[in-house]
There are 2 protein chains.
Amino acid sequence: MIAIDLLEKYGALKKSFDKNEIIFEEGNLPTHYYQIISGEIKMSNYNDDGREFIQGIFYKEQSFGEPPLFLNQTYPANAIAVDDSEILLLPKQNFMKLLEENPAISLKIIENLAQRLYYKSIMAAEMSTQEPEHRILKLIGTGIAYFNFKKDENGYLINFTRQQIGDLTGLRVETVIRTIKMLEKKGVLKIINRKVYR
Amino acid sequence: MIAIDLLEKYGALKKSFDKNEIIFEEGNLPTHYYQIISGEIKMSNYNDDGREFIQGIFYKEQSFGEPPLFLNQTYPANAIAVDDSEILLLPKQNFMKLLEENPAISLKIIENLAQRLYYKSIMAAEMSTQEPEHRILKLIGTGIAYFNFKKDENGYLINFTRQQIGDLTGLRVETVIRTIKMLEKKGVLKIINRKVYR
DNA sequence: CTTGTTTTATGATTTAAGTCATAAAACGTA
DNA sequence: TACGTTTTATGACTTAAATCATAAAACAAG
């Protein structure tokens, strides 16, 4: 999102996170701007009985966790490395200075937040309608634009596990498995040795 | 959000909308920036069988519908006047010019989008947990900060109908009614001649 | 004041997704 | 290569919310 050399000019430092390592936790106050160099990060919540809800999954060059930074509020979710990852961290003060001194970056931030809001609006509407087929198809459909699904001769490879799809749509893994099978039977997606293609 | 005289300087015009009048529709491309002078606006989706999901409710001084404006994408939901309303409309080009020439406004926009993203994150997690009590309490709790609930001697008056609460949380109106009664019985909120207080 | 509409309310019934149990296939790694 | 873990898979059963029906209270409009 923001050029790496610009971030470094303002004092950003690279930090490595192991798979499953926590980057920040729900309820804590934000201290940094985070931008991924490599790897994969998820933001998620766990409810009282341990059930997970994934707010979003982020990949290289993407930033995450900005909203509370601008609002002086605590994080509404946890950030966890899904894979070994490298992240650039820029302290809040420096980040704000960077924004002030580089007005063009503000528009980038706006576009980024707008994009995420757009995704959440679509998924919120979808999740309230309750139909598993709809939810999963919409996730996959918008996911092709937002997540880094790769296209090959079979179509787009949806590189999410059934569990992740469940955690992103609010469905249980068994329901996801059964629904995906249904959707395959209907011909709207393909399953090639367990991998889902659209 | 943005000072009215500044908006007018860039050519914003006031327009009146009757109760239930449509301001813009899902699927259309955005043409203006909208800021409410008076009244109440909801953004919502209707699914295939006519069920409504309310994305948000907006009041005086608030803006709405910006994300697609920044993304050149179509609106993900409809905007409808809940009451007779007056709205300032600023054409997209002029709005972009305003932003360019007034960098401080960008930060305001960022904060506003961050706020809405924050609300949606919280509600998304809540809606996926499925428990009506949780959903409704969270809506009311965060709503006290985001919607204009007024406090009196009984507490905060939740000036939503049961139907609206259902449309905001993805629950059916009967479920909302029963759940609110349960919550009253548990003493976590009050019902005083049908109005809900927290 | 009357009438039509919206909102709140409640009981009976249905149903779809969740839950529970169990297992095979695939994957990772020591 | 063997072993533990993760992922996918399936069947039986449960349950909570949706649905359906019906109505009273409140409100709005003429």
Side-chain angles (χ1 to χ4, degrees), chain A residues 18-20 40 42 47-54 80-84 126-137 139-140 157-185 189-197, chain B residues 18-20 40 42 47-54 80-84 126-137 139-140 157-185 189-197:
Chain A
D18 292 334
K19 182 174 176 169
N20 294 326
E40 186 178 341
K42 73 173 172 189
N47 75 3
D48 305 334
D49 36 65
R51 187 165 169 190
E52 183 175 17
F53 174 72
I54 301 179
I80 297 166
V82 177
D83 272 333
D84 292 350
E126 211 56 35
M127 284 180 52
S128 86
T129 79
Q130 307 291 42
E131 276 159 49
E133 291 196 8
H134 260 105
R135 295 200 214 185
I136 291 172
L137 281 180
L139 175 75
I140 288 174
L157 167 63
I158 312 306
N159 64 333
F160 285 151
T161 64
R162 311 286 193 272
Q163 183 64 61
Q164 283 180 315
I165 292 173
D167 293 341
L168 282 159
T169 53
L171 298 167
R172 306 259 72 175
V173 66
E174 297 94 329
T175 305
V176 173
I177 289 167
R178 288 180 240 246
T179 305
I180 285 180
K181 292 239 150 150
M182 282 291 292
L183 289 169
E184 192 205 17
K185 204 164 287 173
L189 43 78
K190 280 178 274 188
I191 304 177
I192 296 163
N193 58 38
R194 295 174 151 214
K195 299 199 173 302
V196 180
Y197 290 87
Chain B
D18 291 334
K19 181 173 177 170
N20 295 325
E40 186 178 340
K42 73 174 173 189
N47 74 4
D48 304 334
D49 35 67
R51 186 165 169 190
E52 184 175 17
F53 174 72
I54 301 179
I80 297 166
V82 177
D83 272 333
D84 292 350
E126 210 58 34
M127 282 181 52
S128 85
T129 80
Q130 308 289 46
E131 276 159 49
E133 291 197 9
H134 260 104
R135 294 200 214 184
I136 291 172
L137 281 179
L139 175 75
I140 289 173
L157 168 63
I158 312 305
N159 64 334
F160 285 152
T161 64
R162 311 287 194 272
Q163 183 65 61
Q164 282 179 316
I165 292 173
D167 293 341
L168 282 159
T169 53
L171 298 167
R172 306 259 72 174
V173 66
E174 298 94 327
T175 304
V176 173
I177 289 167
R178 290 181 242 250
T179 304
I180 285 179
K181 293 238 149 149
M182 284 290 292
L183 289 169
E184 192 206 17
K185 206 165 285 174
L189 43 77
K190 280 177 276 187
I191 304 177
I192 296 163
N193 58 38
R194 298 174 150 212
K195 297 199 173 303
V196 180
Y197 289 87

All heavy atoms of A:Tyr197 vs all of A:Lys195, minimum pair found to be CD1-O, 3.7 Å
I'd like to know if the side chain of A:Asp84 and the backbone of A:Asp18 have a donor-acceptor N/O pair within less than 3.5 Å. no
Main-chain N/O of A:Thr169 paired with A:Arg135 side-chain donor or acceptor, under 3.5 Å: yes
Boundaries of the DNA chain D segment in contact with chain B, non-hydrogen, under 4.0 Å: D:dA17 to D:dA26
How is A:Arg162 classified with respect to the nucleic acid when contacts are heavy atoms under 4.0 Å: base, sugar-phosphate, or nothing? sugar-phosphate
Whole angstrom value for the distance that separates P of C:dG18 from CD of A:Glu52: 16 Å
Closest nucleotide of DNA chain C for A:Arg194 versus for A:Arg135: which of these residues is on the 5' side? A:Arg135
Could you pull out the closest heavy-atom pair between A:Leu189 and A:Ile180, with the gap in Å? CD1-O, 3.7 Å
Are the side chain of A:Arg162 and the backbone N or O of A:Arg172 linked by a donor-acceptor pair below 3.5 Å? no
Please work out which residues in residues 170-182 of chain A have a non-hydrogen atom less than 4.0 Å from an atom of DNA chain C and list them by number. A:Gly170, A:Leu171, A:Arg172, A:Glu174, A:Thr175, A:Arg178
For the pair made of CD1 in A:Ile191 and P in C:dA26, what is the distance, rounded to whole Å? 14 Å
Please determine if A:Glu52 and A:Lys42 form a salt bridge, counting it only when a charged side-chain N lies under 4.0 Å from a carboxylate O. yes
Take atom CD1 of A:Ile165 and atom P of C:dA17, then tell me their distance rounded to the nearest Å. 16 Å
Minimal non-hydrogen separation, B:Met127 against B:Leu168, with atom names: SD-O, 4.1 Å
Under 3.5 Å: donor-acceptor pair, side chain of B:Thr179, backbone of B:Thr175: yes
